[in-house]
Amino acid sequence: MSRFSEYIGSQFGNPRGIIGKICCIGMNIINQPMYRNTVAVMNPDNEDKILDIGYGNGFLLREIYKKKHVDMYGIDISEDMKKVASKRNRKALENNQLFLETGDCCNLPYEDNMFSGISSINTIYFWNDAVKGLSEIRRVLKPGKSFYNVVYTKEWFGDSTFTEKGFNKYGPDELTDFGKKAGFEKMEVRDIVKGKSLMVIYTKQDEP
């Protein structure tokens with residue numbers, strides 16, 4: 001694995017500097033089916049609070065806000081991306097409906113049962129502990145609501161040199177098993193582009 005490939009691969013997990021911005025633009029292009037499916041399935045109401053984990057340059061948040069002016073929260077490991085995402089979502093920021101943090105999904109700085117919907121596109125590969133991250137997501141998710149975890153398949157990644165180091169590639173069975181261990185009561189796997197990308201919907205049991 002070349003140092004160049006390793007460096008580019010690291011940018012997907014922690015975008016920074018001008019190269020990080022370019023990588024995020026590239027991801028915005030190839031991830032279009034993921035964004036469309038996520039916005040459609042989340043379908044938030046005006047009073048909802050939604051959270052995007054690994055918001056990057058804020059593309060998905062902007063697409064959600066176009067559809068419905070909801071309170072949007074986000075957490076991302078990259079301080080550089082916080083600045084970019086704030087600029088991209090200036091309208092929501094000016095309306096006091098955008099709240100971005102830098103940090104780790106395994107230690108979410110939010111109250112229990114806070115969010116009506118949580119999304120994450122292509123981030124679970126980089127989590128230090130997938131079960132802990134999902135447990136935290138379940139904690140901050142309202143009863144009866146769902147987390148939408150969108151990923152590329154192992155087959156699509158193939159033998160790409162960019163994903164040799166720093167990527168944890170999971171199949172549907174592994175992703176649902178993580179959800180069970182984290183306490184989620186219901187999980188559903190949906191194809192986005194068959195053989196290429198999929199969505200795992202983790203739903204927290206509603207209150208009795």
Side-chain angles (χ1 to χ4, degrees), residues 15 20-21 23-105 107-124 127 133-134 136-151 184 186 188 190 192-193 197-207:
K21 293 178 182 178
C23 286
C24 277
I25 292 170
M27 287 187 280
N28 292 162
I29 295 170
I30 67 171
N31 291 345
Q32 287 296 318
M34 293 178 158
Y35 298 133
R36 287 195 299 271
N37 275 266
T38 303
V39 172
V41 76
M42 288 189 79
N43 193 29
D45 292 325
N46 284 329
E47 301 304 315
D48 286 345
K49 290 182 173 65
I50 63 97
L51 170 65
D52 187 35
I53 294 172
Y55 52 78
N57 62 13
F59 189 95
L60 178 63
L61 290 170
R62 188 185 67 177
E63 295 305 297
I64 292 171
Y65 202 69
K66 283 180 182 178
K67 185 171 184 179
K68 193 80 68 166
H69 285 190
V70 297
D71 288 346
M72 304 188 302
Y73 293 71
I75 188 164
D76 196 289
I77 199 169
S78 173
E79 186 67 41
D80 286 357
M81 289 301 103
K82 181 179 180 180
K83 297 173 184 176
V84 176
S86 296
K87 290 179 180 178
R88 181 183 289 273
N89 291 276
R90 185 176 289 108
K91 183 176 180 180
L93 192 64
E94 291 172 350
N95 290 339
N96 294 315
Q97 290 187 291
L98 180 66
F99 310 92
L100 300 181
E101 302 274 355
T102 53
D104 186 347
C105 73
N107 185 25
L108 295 175
Y110 308 112
E111 298 176 359
D112 295 357
N113 306 318
M114 181 171 173
F115 296 106
S116 300
I118 302 176
S119 60
S120 182
I121 294 183
N122 293 324
T123 70
I124 197 170
W127 298 1
L134 286 167
E136 273 288 271
I137 289 167
R138 186 183 181 281
R139 177 183 66 79
V140 302
L141 190 63
K142 288 183 176 182
K145 301 301 183 179
S146 299
F147 165 51
Y148 306 93
N149 185 26
V150 181
V151 298
F184 279 100
K186 180 182 177 183
E188 178 187 355
R190 296 183 184 179
I192 293 178
V193 178
S197 56
L198 56 88
M199 173 186 290
V200 184
I201 303 174
Y202 303 82
T203 302
K204 183 174 179 177
Q205 184 174 330
D206 207 344
E207 295 176 337

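Residues: numbered from 1 along the sequence shown.
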Evaluate the side-chain contact (heavy atoms from CB on, under 4.5 Å) criterion for residues V41 and Y148: first the C-alpha distance (whole Å), next the side-chain angles of each, then the deciding distance (0.1 Å), finally the verdict. CA-CA 8 Å; V41 76; Y148 306 93; 3.6 Å; yes
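Counting heavy atoms from C-beta on, the side chains of V200 and L198 come closer than 4.5 Å. Using a 4.5 Å heavy-atom cutoff, the side chains of F184 and Q205 are not in contact. Between L100 and S86 the shortest side-chain heavy-atom distance falls below 4.5 Å. For the pair V150/N37, no side-chain contact is recorded, criterion being any heavy-atom separation below 4.5 Å from C-beta on. Considering only heavy atoms from C-beta on, V140 stays 4.5 Å or farther from N113 through its side chain. With a 4.5 Å cut-off on side-chain heavy atoms, Y110 and L51 count as touching.
Under a 3.5 Å cut-off, the side chain of Q97 and the backbone N or O of H69 do form a donor-acceptor pair. The closest donor-acceptor contact from the side chain of S120 to the backbone of I53 lies under 3.5 Å. R139 places no side-chain N or O within donor-acceptor distance of the main-chain N or O of L134, the cut-off being under 3.5 Å.
A parallel orientation is assigned to the rings of Y202 and F147, their planes being inclined by less than 30° (bins at 30° and 60°).
The distance from the CE atom of M42 to the NZ atom of K145 is 10.5 Å, given to the nearest 0.5 Å. A distance of 6.5 Å separates CZ of F59 from CZ of R88, quoted to the nearest 0.5 Å. Of the inter-residue distances, the one linking I118 atom CD1 with N149 atom CG reads 11.0 Å to the nearest 0.5 angstrom. Atom-to-atom distance recorded for M81:CE and T102:OG1 is 12.5 Å, nearest 0.5 angstrom. Atom CG of residue D71 and atom CD1 of residue I50 lie 9.0 Å apart, to the nearest 0.5 angstrom. Atoms CD and SG, on E136 and C105 in that order, are 8.5 Å from each other to the nearest 0.5 Å.
Considering only residues two or more places apart in sequence or on other chains, R190 meets the salt bridge (charged side-chain N to carboxylate O under 4.0 Å, His left out) condition with E188. Residues passing the salt bridge (charged side-chain N to carboxylate O under 4.0 Å, His left out) test with R138, sequence neighbours excluded: E185. Applying the side chain to side chain donor-acceptor pair (under 3.5 Å) rule to E101 yields no partners; only residues at least two apart in sequence or on another chain are considered. In this view, N95 and Y65 satisfy the side chain to side chain donor-acceptor pair (under 3.5 Å) rule, not counting sequence neighbours. In this structure, N89 has no side chain to side chain donor-acceptor pair (under 3.5 Å) partners at least two apart in sequence or on a different chain.
Salt-bridge check for E94 with K91: failed, with every basic side-chain N at 4.0 Å or more from each acidic carboxylate O.
Between the side chains of D52 and S119, at least one donor-acceptor pair of N or O atoms lies under 3.5 Å.
Heavy-atom minimum distance, G56 versus D76: N-OD2, 2.8 Å. Nearest approach of N122 to M34, heavy atoms of both residues: ND2-SD, 3.4 Å. Pairing each heavy atom of E111 with each of M114, the nearest pair is O-CB, 3.4 Å. Nearest heavy atom pair, residue L60 against residue V39, reads CD1-CG2, 3.8 Å. In terms of heavy atoms, A92 sits closest to M72 at CB-CE, 3.8 Å.
Within the structure, the side-chain hydrogen bond (donor to acceptor under 3.5 Å, both in side chains) test picks out the following pairs touching residues 38-50 (sequence neighbours left out): D48-S116.
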